[in-house]
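Notes follow the structure.
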There are 2 protein chains.
Amino acid sequence: MRNYQKDANLDNRLHKLIKFFDIKKRITIKDIAKALNLTSSTVSRALNDNSRISEKTKQAVKQTAKELGYEPNYLASALRKGKSNLVGLIIPRANSYFFSSVVKAIGDRLSIEGYNIIITQSNESYEKECQNIESLLYTQVDGIIASLANETVDLEYYNKIKANGVPLVIFDRGEDSLNVDYIGIDDYLSSFKVVEHLYNQGCRRIAHIGGYRHTRIYESRVEGYIDALTKFNLPLEESLISESNLKVEDGRAIMEELLKLPNKPDAIYAAGDFAALGALQVAKENHISIPDDIALVGFSNEPFTSLITPSITSIEQHSEMIGRLAAETFLDRINNPDKAVKLNKIVLDTELIVRESSKKLK
Amino acid sequence: MRNYQKDANLDNRLHKLIKFFDIKKRITIKDIAKALNLTSSTVSRALNDNSRISEKTKQAVKQTAKELGYEPNYLASALRKGKSNLVGLIIPRANSYFFSSVVKAIGDRLSIEGYNIIITQSNESYEKECQNIESLLYTQVDGIIASLANETVDLEYYNKIKANGVPLVIFDRGEDSLNVDYIGIDDYLSSFKVVEHLYNQGCRRIAHIGGYRHTRIYESRVEGYIDALTKFNLPLEESLISESNLKVEDGRAIMEELLKLPNKPDAIYAAGDFAALGALQVAKENHISIPDDIALVGFSNEPFTSLITPSITSIEQHSEMIGRLAAETFLDRINNPDKAVKLNKIVLDTELIVRESSKKLK
DNA sequence: TTATATTGCGCAATCGTTTGCGCAATGGTT
DNA sequence: AACCATTGCGCAAACGATTGCGCAATATAA
């Protein structure tokens, strides 16, 4: 009796305190259970539409859940079920058109299935990328979708993901050596198409402003370029090929070198639009007409390529589709964990968008 | 004895099974505890550098943690501590320059403090925005940073966030009515500066291609425009003001209307760069010289504004700083939950970037 | 009518960490 | 020597939801 009195007193004071500080008590399934004289098991099953619960009880549970303002705690659920409904995303940076388009597509697709995405940026740093992987694994993500940093060569950390049984999907930048699902484009063929187009426009000395060849996609682009030159019997010269970060400044610097050549190129194919832009700027400054003196083609179909004058011919990578397919590849893995044998290697066709910068023939 | 025998047997078979399927057993603090003949309490404290644990024990714990390949489970920790180290982000869409820049900045800033960010997109839909809020709250995020969808007028859902005691920071698009921390720019003053600049360039009939005025930022821009006109004794005419979504097509359509006017404007100030671009396109098509016939100014300083010809004068919003400040405002709230009284309303200065499209005077 | 399914729900363990409290051993103070 | 403070660690209960198992009560079949 004494004890009861004390408890009631305590309860009373607690309530006053709660009211005073306007603390909103979290409503849990236990509260719903108490209100209906049930157990939390039943409430949980009712909310999850378990077949062993009567329709009547389900209604009652859902009703009072609403009345009490119940809000589920996904963390608790995730801990128990071993499934967080979170997908980790690792990208070099968020503020580029390509990556942000992919992010948008992945987000849109996965939100339909009830997943949220955690976005992390490597800023092209290998170290940061490793930190991101750890952080995502510790957060118990159900999968990771990643595009590798430029720096990343060692892939031990990515094996860690697989070792944890977490599905991994790589897009765009990725190594074949890594035995995982991959979504990308046919860089080799795209390059080939570019050169073919330039050849058809009458160009015979085609320079290539390339990315660093230790990255597979840029290596493939160089190979496509070289093979196409060979096919069309065009000169393949050291001085016409370069490697860089493909920024605007890089394009500018390389273009300046090219213009110093005794035997100037009549076309420039840059493996990135920003480098192409740099080249265009230098051409303009030197009163060299694009495309009449030199034709120009970029890569990625950045929005600005269609807006500037002259508009720049480029390669459309279908970034939104890459994102959607990456998301769906992950979903496929999650929904069929058994058929873990066959890898998905999706290589998308690209589209050559011909614009003013390479239209020599009207 | 019998029992023990049975258990050992079971254990044995389980181990074989594990080995067979190559299942990696999750290492928990319990395993570390068992290995060192400690309890999980001690292990937990040791890993968290609790002062009540001897240095010797800490070393031992950390050592075997590494040896066993221990990986913490943030979900469990979050559940117990009531802190997830996750921050929710709600933006209209990820693939715009402004928002992706903000995302990048927020991500970079918060990752330093050990937070991960969950990104959700409203796609300008009020309904989706509400779903996002719910989803984020259920995921137990420690805070939410949001920019409202165009559609969003009713803010009841945002009050739900505050009711849950979750810090909320709004940036860019937000209502004053909502009593929360806010980071944005001075839209009124920016508009004023634009008109002032155009006036100084000799323009006397200035049209405004505006956004929908039910969104505060666009309303403020209109007000700044009007007040500046008044100050400089310029004509304020219905026909010179419009409302739209500020897309390229909108800019085009409105420009065509403006060109039909008997008394054409000599300057156009668009509240968005894409609308400005549309106007520019139409002007070019009609052989109207920008800036000689009509001066043009946009808003947002999208990357393309500096790349096209003529380059477009615009307003730089410092998106990266907005992101950083939004992140820091959140951190401030989290670290000082007590001083919940004073709201942060940060209004950043913008910068008028004068380019070719509005340079009448050399 | 008896045997067997099915339905409806509760018990209690569990996911992996954290943390208030308690207890013993040691150290330091008068 | 008696007393208190500190140090080092364990006990056990949380956090909130899920789930295998078990036990009645009812429904169905034989």
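By convention in this document, chain letters (A, B, ...) are assigned in the order of the sequence lines, proteins followed by strands, and residues within each chain are numbered from 1. We use all heavy atoms of the structure for the numbers below, so side chains are in, but hydrogens, waters and symmetry mates are not.
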Inset, instruction - Compute whether any side-chain donor of one residue and acceptor of the other, for B/S54 and B/T57, lie under 3.5 angstrom apart. - result: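 B/T57 and B/S54 do have a side-chain donor-acceptor pair below 3.5 Å.
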
Legend entry - Distance-only donor-acceptor check, side chains B/N116 and B/S111, under 3.5 Å: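 No, no side-chain donor-acceptor contact under 3.5 Å.
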
Contact class for [X] vs. all strands (heavy atom < 4.0 Å): base, sugar-phosphate, or nothing?
X	result
A/S44	base
A/N37	sugar-phosphate
B/S41	base
B/L75	nothing

Legend entry - Pair A/I119-A/I91, side-chain contact (heavy atoms from CB on, under 4.5 Å): steps then yes or no: CA-CA 8 Å; A/I119 186 170; A/I91 54 177; 4.0 Å; yes

Inset, instruction - Classify the side chain of A/T28 and the base of D/dA17 as holding, or not holding, a donor-acceptor pair under 3.5 Å. - result: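 Side chain to base: no pair below 3.5 Å.
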
Legend entry - Donor-acceptor contact present, side-chain B/N85 to main-chain B/G114, <3.5 Å: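 Yes; at least one donor-acceptor contact below 3.5 Å.
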
Legend entry - Terminal helix-axis angle for the helix from C/dT1-D/dA30 to C/dT30-D/dA1, with five pairs defining each axis and rounding to 10 degrees: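 It works out to 40° between the end axes.
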
Starting at [atom1] of [X] and ending at [atom2] of [N], how long is that distance when rounded to a whole Å?
X	N	atom1	atom2	answer
A/K81	D/dG16	NZ	P	17 Å
A/Y74	D/dA17	OH	P	11 Å
B/I53	D/dT6	CD1	P	17 Å

Legend entry - Nearest-nucleotide comparison on DNA chain C, the residue closer to the 5′ end among B/I29 and A/E55: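 On the 5' side of the pair lies A/E55.
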
Legend entry - CD (B/E134) with more than 12 external heavy atoms under 6.0 Å: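 More than 12 within 6.0 Å, yes.
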
Inset, instruction - Please indicate whether B/K83 has more than 12 foreign heavy atoms, meaning atoms of other residues, nucleotides or ligands, lying under 6.0 Å from its NZ. - result: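 Yes, because the 6.0 Å sphere around NZ of B/K83 holds more than 12 heavy atoms from other groups.
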
Legend entry - Which residues share a side-chain contact (heavy atoms from CB on, under 4.5 Å) with B/A65, sequence neighbours left out: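 Checked B/A65 against side-chain contact (heavy atoms from CB on, under 4.5 Å); matches are B/I32, B/L47, B/Y70.
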
Inset, instruction - To the nearest 0.5 angstrom, please state how far the CD atom of B/E127 sits from the OG atom of B/S122. - result: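 Rounded to the nearest 0.5 Å, the CD-OG separation comes out at 12.0 Å.
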
Inset, instruction - Could you tell me from which nucleotide to which nucleotide of DNA chain C, 5' to 3', there is an atom under 4.0 Å from chain A heavy atoms? - result: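 Using the under 4.0 Å cut-off, the span is C/dT7 to C/dG16.
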
